[in-house]
Amino acid sequence: MSEPPATPEEATAGKAAKSSRLPKVILGVCVALFVILAGLLATVRYGVLLPQGRLLIEAQTDGLKLGRYGRLRIEGLGGDVWNSFTVRRLTVSDENGVWLDARNLDITWRYAALLQRRLHAEKITAESLTLLRRPTLAPKTESPGLPISFDLDEVRARVEMLPAFSTRRGVYDVVMSLDVQRRNGGQKGQIAADSVLHPGDHLDLVFDLGKTRPLLLVADAKEARGGALAGSLGLPADQPFVLRLRATGKMSEGQFTARVASGDIRPLEGQGTWNPQGGSAQGRVLLSVSSLTQGLAARVGPEASFTITGRKAPGSLFDLDARVTSDNLTLVARGRANLGKRVAGPEGLALVLTTDALSKITGGPEMGPAKVAGRLRGRLDDLRFVGVGEVGRVALGGYGLQQVSGPLELTRKAKVLSVKAQLAGVGGAGEGLVAALLGARPTAAIDGSRLADGRLLLRDLQATGAGLKVSAQGGRGLLGGLDFKGQAAFSNLAAARPGASGILNADWSATQGGAGKPWTLALDAKGERFASGLAELDRLLGASPALDARATIEGRKVSVSRAELDGAAFDGSAAGVWDRDGALKFKLDWTADGPFRAGPVEVTGKA
């Protein structure tokens, strides 16, 4: 029998029962989600209190890169990392090992401030912080600034500088506070360092370098008989040391004075004032006194001086006249600009740079007097310089040029520095292979950039000479990889050596997958009607020798996976590594057909 149909009252009651279950289901789901979320939060909040959680944090921070200064390592993490915790040891290492070693740190901080992109530490203490030596800094790159702000209310540490860092050992009780705003938004703080070994010796520093706040920089340091503070600046550590810096005011009006004394010598002196109507500044730096600037002194001279004056011009611009002078370098800038806003006027600044010996500044081949003149336009984040350059008396081995000159253009935009140049040489003369290839009037054109991450990009390279023709192009891929491919032809070999002749053609390619990745190189070279002028070598190589090589370059390490040379009577191959320390580890294999002659002895067959 079939069941009787439900009455309207029963149907209504059923719907009401179902509808009454829906809020309960939703409530049940919410409770379940709350329990799961609470469990996750509890795991995150209290899981780090377990030894396994602390070990995980240590592993995650091991090797963390700290910009140019090296990599971080922490050991012995203890306490509650969300409130107050300890670190048994913290080190910073560069390519040569540990250079900063801090022991027994105690840190109290507010993790909730991270929600505002701010790291707020109420107190940091370190039983000891040792600076073992000067770090080896990585290449400098453009930085967008810190992603978060730092607010350190109180930092206390016993800081020890070892002689490898500061020439003379120094121990200081340091107290500091620091407020650094994210994205280059300014910084302020104060540091007080009192010597433990020599009571009375000290360093006091107060600074406020905010973009919208009044400028404040006051530094006062003194060592009655010299010491580690002077040594850390590269100055003699056995001479009385005094440092006084004062800079106060606003962007529109202020003044500064600077004086550093080391014994009877004053390595730095300077002063200046500015106001809405203009300003002036002048100073002198003894580059040869500090070991940190002796390399620069060898290039530009032992002393450098500067002067700058400015008078109010229409609008927000000033008529500027600036000069920097040393024994081997002079820079003159004239025109309208606003230094506060870091912008040049519509007509730009006229720049003239001269040197008596360019090779002393750049290193490399011997180069004599040089001059660059042109105009600089734009803002600091979008600059463009257009001018001409010339260099006299260029020498490379047994070859020399009377002069190299041509137009050049430099731009800086979006943290990328680019250069375009078209250079032509005149008066080329000499002996040897270089003279044969370049001849009397070589030319070169280059278009390249230094990217924001420090890598070099060559877009175009063209070079011609009496026996040289080079054409190469490069670019950047969608995912950041770089490539550089080209061809070269070498001829006019007879001018290099009697009996030499023919042409050598080479094709190459170089690719890099991305920043920090190794370069992969490929080279294919072949001779046509080739002769070196050396009878035995020409017999082995023949008229059409061929070279095929593959390698990778990672920093200063070169790994050759394959290098094969095929000649008429010679076949050779090599593979190996040229390590960062200069060590060579190569495997060689070769065969050659005789006869071989050694004085009156002749050996036939194959070796």
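Computed from heavy atoms alone, side chains included, the values below leave out hydrogens, waters and symmetry copies. Throughout, numbering of the chain's residues begins at 1 and tracks the sequence.
- Between I191 and V174 the shortest side-chain heavy-atom distance falls below 4.5 Å.
- Formation of a donor-acceptor pair under 3.5 Å by the R342 side chain with backbone atoms of L380 is not found in this model.
- Listed by chain and number, the residues in a side-chain hydrogen bond (donor to acceptor under 3.5 Å, both in side chains) with E122 are R110 (sequence neighbours excluded).
- Contact check for K360 versus T355: no side-chain heavy atoms found under the 4.5 Å cut-off.
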For residues 219-226, please give each side-chain donor-acceptor pair under 3.5 Å, one per line with the distance, not counting sequence neighbours.
{"unit_1": "D220", "atom_1": "OD1", "unit_2": "R244", "atom_2": "NH1", "d": "2.4"}
{"unit_1": "E223", "atom_1": "OE1", "unit_2": "G227", "atom_2": "N", "d": "3.1"}
{"unit_1": "E223", "atom_1": "OE1", "unit_2": "A230", "atom_2": "N", "d": "3.1"}
{"unit_1": "E223", "atom_1": "OE2", "unit_2": "Y172", "atom_2": "OH", "d": "2.9"}
{"unit_1": "E223", "atom_1": "OE2", "unit_2": "A228", "atom_2": "N", "d": "3.2"}
{"unit_1": "E223", "atom_1": "OE2", "unit_2": "L229", "atom_2": "N", "d": "2.9"}

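- Looking at M161 and R169, their side chains never come closer than 4.5 Å, going by heavy atoms from C-beta outward.
- With R556 contributing its side chain and W578 its backbone, the two residues share no donor-acceptor pair below 3.5 Å.
- In this structure, W99 contributes its side chain and T136 its backbone to no donor-acceptor pair below 3.5 Å.
- Within the cation-pi definition used here (under 6.0 Å to the ring centroid, within 45° of the axis), R133 does not qualify as a partner of F165.
- With 3.5 Å as the limit, one finds no donor-acceptor pair spanning the side chains of D106 and T86.
- Around the CG atom of N96, the shell of radius 6.0 Å holds more than 12 heavy atoms that belong to other residues, nucleotides or ligands.
- Between E127 and R103 there is no salt bridge, since no side-chain N of the basic residue sits under 4.0 Å from a carboxylate O of the acidic one.
- Judged by distance alone, the side chain of T125 and the main-chain N or O of R156 form no donor-acceptor pair under 3.5 Å.
- Scored by the salt bridge (Lys or Arg N to Asp or Glu O under 4.0 Å) test, R299 finds no partners at all (sequence neighbours excluded).
- Put simply, the side chain of Q187 never gets that close to the backbone of L178: no donor and acceptor are under 3.5 Å apart.
- Between D327 and P302 the shortest side-chain heavy-atom distance falls below 4.5 Å.
- Between T411 and D382, every side-chain heavy-atom pair lies at or beyond the 4.5 Å cut-off.
- Looking only at distances, a side-chain donor or acceptor of T293 sits under 3.5 Å from a matching main-chain atom of L287.
- Here the side chain of S326 pairs a donor or acceptor atom with the backbone of V300 at under 3.5 angstrom.
- Proximity of D204 to H202: side-chain heavy atoms (C-beta onward) are separated by under 4.5 Å at one or more points.
- Checking R455, K517, R476 one by one against Q512, the side chain to side chain donor-acceptor pair (under 3.5 Å) holds for a single residue, R455.
- Contact check for N104 versus R88: side-chain heavy atoms found under the 4.5 Å cut-off.
- When side chains are defined from C-beta on, F241 counts as touching L233, because their heavy atoms get closer than 4.5 Å.
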